[in-house]
There are 2 protein chains.
Amino acid sequence: MTVLKNKLRSCRKERGDTQASFAEELGVSRQTINAIENEKYNPSLELAIKISRLVGEPVQEIFYLPKEG
Amino acid sequence: MTVLKNKLRSCRKERGDTQASFAEELGVSRQTINAIENEKYNPSLELAIKISRLVGEPVQEIFYLPKEG
DNA sequence: AAAAAATGTAAAACAGTCTTGACATTTCCG
DNA sequence: CGGAAATGTCAAGACTGTTTTACATTTTTT
């Protein structure tokens, strides 16, 4: 397993969301958003796609393998 | 949990791969590819991104929520 | 400086992802 | 037809993702 890099925190802040409000829009817990922002683990594919849709960026631009840019 | 729809089988066949050869290129087991093609469960985000990179299509075009096209 | 809001963190429980090994069925081709 | 290759499927086990509850720390606001 590899924990992916992500730019979730900046995507969320651009929306003016807190972790709690962002989590609520996605239907997940605040702790889940916190853990993903801090790269404790990867989201499920389903959650990643919901995040992508919410912030309007392709999945691969939000989450990427450490070796890639 | 929602099992996503996907067009993995056609993506794989376009490459002329068998489930076994496709799995090997991705570093996972043949059973994993079989289960995903048959929508038994979703791949991890990491695997979805590797698949996307291998077949050259964005994640969201390979895997999508049932309600979406 | 004090109160309130936001973020970090941890444990337990449960659901989901992936592996290996094994065997059955289907498809492809001499 | 007969054999080989490809696909389907199952079970057990290891590890990953998410929830809830609870509390500590940091940041923002008054």
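Quick note on labels: first sequence line is chain A, next is B, and so on, each numbered from 1.
- Following rounding to the nearest Å, B:I36 (CD1) and C:dG16 (P) show an atom-to-atom distance of 15 Å.
- Counting to the nearest Å, the C1' atom of C:dA6 and the CZ atom of A:F22 are 16 Å from each other.
- Under 4.0 Å is where a charged nitrogen must lie from a carboxylate oxygen, and between A:R30 and A:E24 no such pair does.
- Summarising the geometry of B:E46 relative to A:N42, their closest heavy-atom pair is CB-ND2, 4.5 Å, with the distance given to 0.1 Å.
- The closest donor-acceptor contact from the side chain of A:N34 to the backbone of A:Q19 lies at 3.5 Å or more, if one exists at all.
- One finds no side-chain N or O of B:N34 lying less than 4.0 angstrom from the OP1 or OP2 phosphate oxygen of D:dT7.
- Whole-Å rounding puts the B:L4 CG to C:dG16 C1' distance at 13 Å.
- Contact between B:E57 and B:S52 at its shortest, heavy atoms only, is O-OG, 2.6 Å.
- Here C:dC18 presents its P atom at 11 Å from CG of A:N42, a figure rounded to the nearest Å.
- A close approach under 4.0 Å does not occur between any side-chain nitrogen or oxygen of B:R30 and OP1 or OP2 of D:dT9.
- Between D:dG17 and A:S44, no contact under 4.0 Å exists linking OP1 or OP2 to a side-chain N or O.
- Note on A:Q31: every side-chain N or O is 4.0 Å or more away from OP1 and OP2 of D:dA22.
- Between the CD atom of B:E37 and the P atom of D:dT7 there is a distance of 7 Å, given to the nearest Å.
- For D:dA6, neither phosphate oxygen OP1 nor OP2 lies less than 4.0 angstrom from any side-chain nitrogen or oxygen of B:R9.
- Residue B:I33 contributes atom CD1, which lies 13 Å from atom P of C:dT20 at whole-angstrom precision.
- The residue B:T32 sits close to a base: some heavy atom pair falls under 4.0 Å.
- The nucleotide whose nearest atom lies closest to any side-chain atom of A:T18 is, among D:dG8, C:dT19, C:dT7, C:dT7.
- In this structure, CD of B:Q19 is placed 10 Å from P of D:dT9, rounded to the nearest angstrom.
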